[in-house]
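The structure appears right after this line, and notes come after that.
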Protein chains: 2
Amino acid sequence: MNLYDYVKIFKALGEPTRLKILKLLSVRPMFVCELKSVLHMSQPRISQHLQIMKGAGVVTEKKDAQRTFYSLQIDYLDKTFNNLIQFFHHDLANLPQFKEECLRLERLDSDTDVYLCKKGENRTR
Amino acid sequence: MNLYDYVKIFKALGEPTRLKILKLLSVRPMFVCELKSVLHMSQPRISQHLQIMKGAGVVTEKKDAQRTFYSLQIDYLDKTFNNLIQFFHHDLANLPQFKEECLRLERLDSDTDVYLCKKGENRTR
DNA sequence: TATTTATATAATTATTTGCTTATTAAATGA
DNA sequence: TCATTTAATAAGCAAATAATTATATAAATA
């Protein structure tokens, strides 16, 4: 799980309509038309939010004739949260994504004479 | 913690620049100018993201002369994640925010003759 | 078969967000 | 005191997002 996977999942969670849909799906899996009836929102609005959440992995769908049955993936959510906390505990040096940042931070920490932001743009030595 | 608190926190996490800043703050608390040096990003960009994260409670600041020292609030994050999982396990009837939705869902579930989405707009009976 | 139901998707518009540049202000130092 | 460092904030703009309306399609049903 990389940084952009987290972004996708947290983007999916960071919107009120989507959180409401997720809460309803936590009661029980539902069809789109049920969500529509319960939330009193337009069908495209609900479908579009469901597509975003499906893309992030927080819900799954199962076709049933002309209807689609959506379920909350609470275990996946739980796993994601634990992974993020672990991500924050990981050594920066082991995250290839942060290679450059790691080098610059090491230079910053090893050199006590360093001026943080000098005239002449972002010098770290 | 209500739905909009969650939205604020997850919005704060659902952005790549902010997640990068948080990862760096997980190594150790930092000044804005240090984040700037390490990330090679403009100072306003970093400050603006920090304000959003401060508003969501995921970082805290401490003034030190002309500098500002930012810390990751990992315990708060951890608590938030646990709270959200709990939120999904709560009985819908105990969430005032979902009063209307709860009523409509109960009607839906109690009446087996219900047509999900009938002609004549969102009828649930 | 024609109509209705269920859902996805496209097009459009309005709002929000993220970034840059510019400005301000406070603390530091020559 | 005047220049520098640090950081917040404002203004402006481009890109992304969320909602509506309009279509399209497939399955169910009268």
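Only this structure's heavy atoms are used, side chains among them; waters, hydrogens and symmetry mates stay out. Lettering follows sequence order; numbering is per chain, from 1. Model, not experiment: these values are computed from the prediction.
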If each end axis of the helix from C:dT1-D:dA30 to C:dA30-D:dT1 is fitted on five C1' pair positions, the angle between them, to 10 degrees, is 0°

| message | Considering every strand and a 4.0 Å limit on heavy-atom distances, what is the contact class for B:Thr68: base, sugar-phosphate, or nothing? | response | sugar-phosphate

Whole-Å distance, B:Arg67 CZ to D:dT5 P, equals 13 Å

Rounded to whole Å, CZ of B:Arg45 lies from C1' of D:dA10 at a distance of 19 Å

Closest heavy-atom pair, B:Leu50 versus B:Val59, reported as atoms and distance to 0.1 Å, is O-CG2, 4.0 Å

Separation between CZ (B:Arg104) and CZ (B:Phe98), nearest 0.5 Å, reads 11.5 Å

B:Lys20 meets the side chain to side chain donor-acceptor pair (under 3.5 Å) criterion, sequence neighbours left out, with none

Can you give the donor-acceptor pairs under 3.5 Å from side chains of residues 2-17 of chain A to other protein atoms, not counting sequence neighbours?
{"residue": "A:Asn2", "atom": "OD1", "partner": "A:Tyr4", "partner atom": "N", "Å": "2.6"}
{"residue": "A:Asn2", "atom": "OD1", "partner": "A:Asp5", "partner atom": "N", "Å": "3.1"}
{"residue": "A:Asp5", "atom": "OD2", "partner": "A:Asn2", "partner atom": "N", "Å": "3.0"}
{"residue": "A:Tyr6", "atom": "OH", "partner": "A:Asn83", "partner atom": "O", "Å": "3.2"}
{"residue": "A:Lys11", "atom": "NZ", "partner": "B:Gly14", "partner atom": "O", "Å": "3.2"}
{"residue": "A:Glu15", "atom": "OE1", "partner": "A:Thr17", "partner atom": "N", "Å": "2.9"}
{"residue": "A:Glu15", "atom": "OE1", "partner": "A:Arg18", "partner atom": "N", "Å": "3.0"}
{"residue": "A:Thr17", "atom": "OG1", "partner": "A:Arg45", "partner atom": "NH2", "Å": "2.9"}

Expected list for residues 5-24 of chain B near DNA chain D, using heavy atoms below 4.0 Å, is none

Could you run down the sub-3.5 Å N/O contacts of the protein with nucleotides 10-12 of chain C?
{"residue": "C:dA10", "atom": "N6", "partner": "A:Gln48", "partner atom": "NE2", "Å": "3.1"}

Shortest non-hydrogen pair, B:Ser26 vs B:Lys23, comes out as OG-O, 2.5 Å

Distances for protein N/O vs nucleotides 26-28 of chain D N/O pairs under 3.5 angstrom?
none

Dump the intermediate steps for side chain to side chain contact (heavy atoms under 4.5 Å, CB included) on A:Leu105 and B:Met30, then the final yes or no.
CA-CA 10 Å; A:Leu105 181 57; B:Met30 291 189 200; 3.7 Å; yes

One should read off an interatomic distance between A:Leu24 CG and A:Leu39 CG, to the nearest 0.5 angstrom, of 5.0 Å

Does C:dT17 have its OP1 or OP2 closer than 4.0 Å to a side-chain nitrogen or oxygen of B:His49?
no

Using a 3.5 Å cut-off and no angle test, enumerate the donor-acceptor pairs between side-chain atoms of residues 69-79 of chain B and protein atoms at least two apart in sequence or in another chain.
{"residue": "B:Tyr70", "atom": "OH", "partner": "B:Gln51", "partner atom": "NE2", "Å": "3.2"}
{"residue": "B:Tyr70", "atom": "OH", "partner": "B:Glu61", "partner atom": "OE1", "Å": "3.3"}
{"residue": "B:Gln73", "atom": "OE1", "partner": "B:Thr60", "partner atom": "OG1", "Å": "3.2"}

Would A:Leu25 end up clustered with A:Ile52 when hydrophobic side chains under 4.5 Å apart are linked, directly or stepwise? no

The residue, A:Gln43 or B:Glu61, whose nearest nucleotide of DNA chain D is more 5′ is B:Glu61

Rounded to whole Å, CD of B:Gln51 lies from P of C:dC19 at a distance of 15 Å

Sorted by chain and residue number, the side-chain contact (heavy atoms from CB on, under 4.5 Å) partners of A:Gln43 (sequence neighbours excluded) come out as A:Val32, A:Lys36, A:Ser47

From CD1 of A:Ile46 across to C1' of D:dA18 the rounded distance in Å is 14 Å

To the nearest 0.5 Å, atom OG of A:Ser42 lies from atom CD of A:Gln48 at 7.5 Å

Applied to residues 90-102 of chain A, the side chain to side chain donor-acceptor pair (under 3.5 Å) test, sequence neighbours excluded, yields none

Heavy-atom closest pair (A:Cys33 atom, A:Arg67 atom, distance to 0.1 Å) is SG-CD, 4.4 Å

Whole-Å distance, A:Lys36 NZ to C:dA8 C1', equals 14 Å

Atom CG of A:Leu50 and atom P of C:dA8 are separated, to the nearest Å, by 7 Å

Rounded to whole Å, the NZ-C1' distance (B:Lys63 to C:dT28) equals 14 Å

Q. Are B:Ser42 and C:dT21 close enough that a side-chain N or O sits under 4.0 Å from OP1 or OP2?
A. no

side-chain N/O A:Tyr70 vs C:dA6 OP1/OP2, d < 4.0 Å: no

Hits for side chain to side chain donor-acceptor pair (under 3.5 Å) against B:Lys63, two or more places apart or cross-chain, chain-then-number order -> B:Thr68

The correct set of residues in residues 52-60 of chain A placing a heavy atom under 4.0 Å from DNA chain C is none

Distance col, row B:Glu34:CD vs A:Leu108:CG, nearest 0.5 angstrom, shows 5.0 Å

(Q) Hydrophobic cluster membership, with links at side-chain heavy-atom distances under 4.5 Å among I/L/V/M/F/W/Y: are A:Leu103 and A:Leu95 in one? (A) no

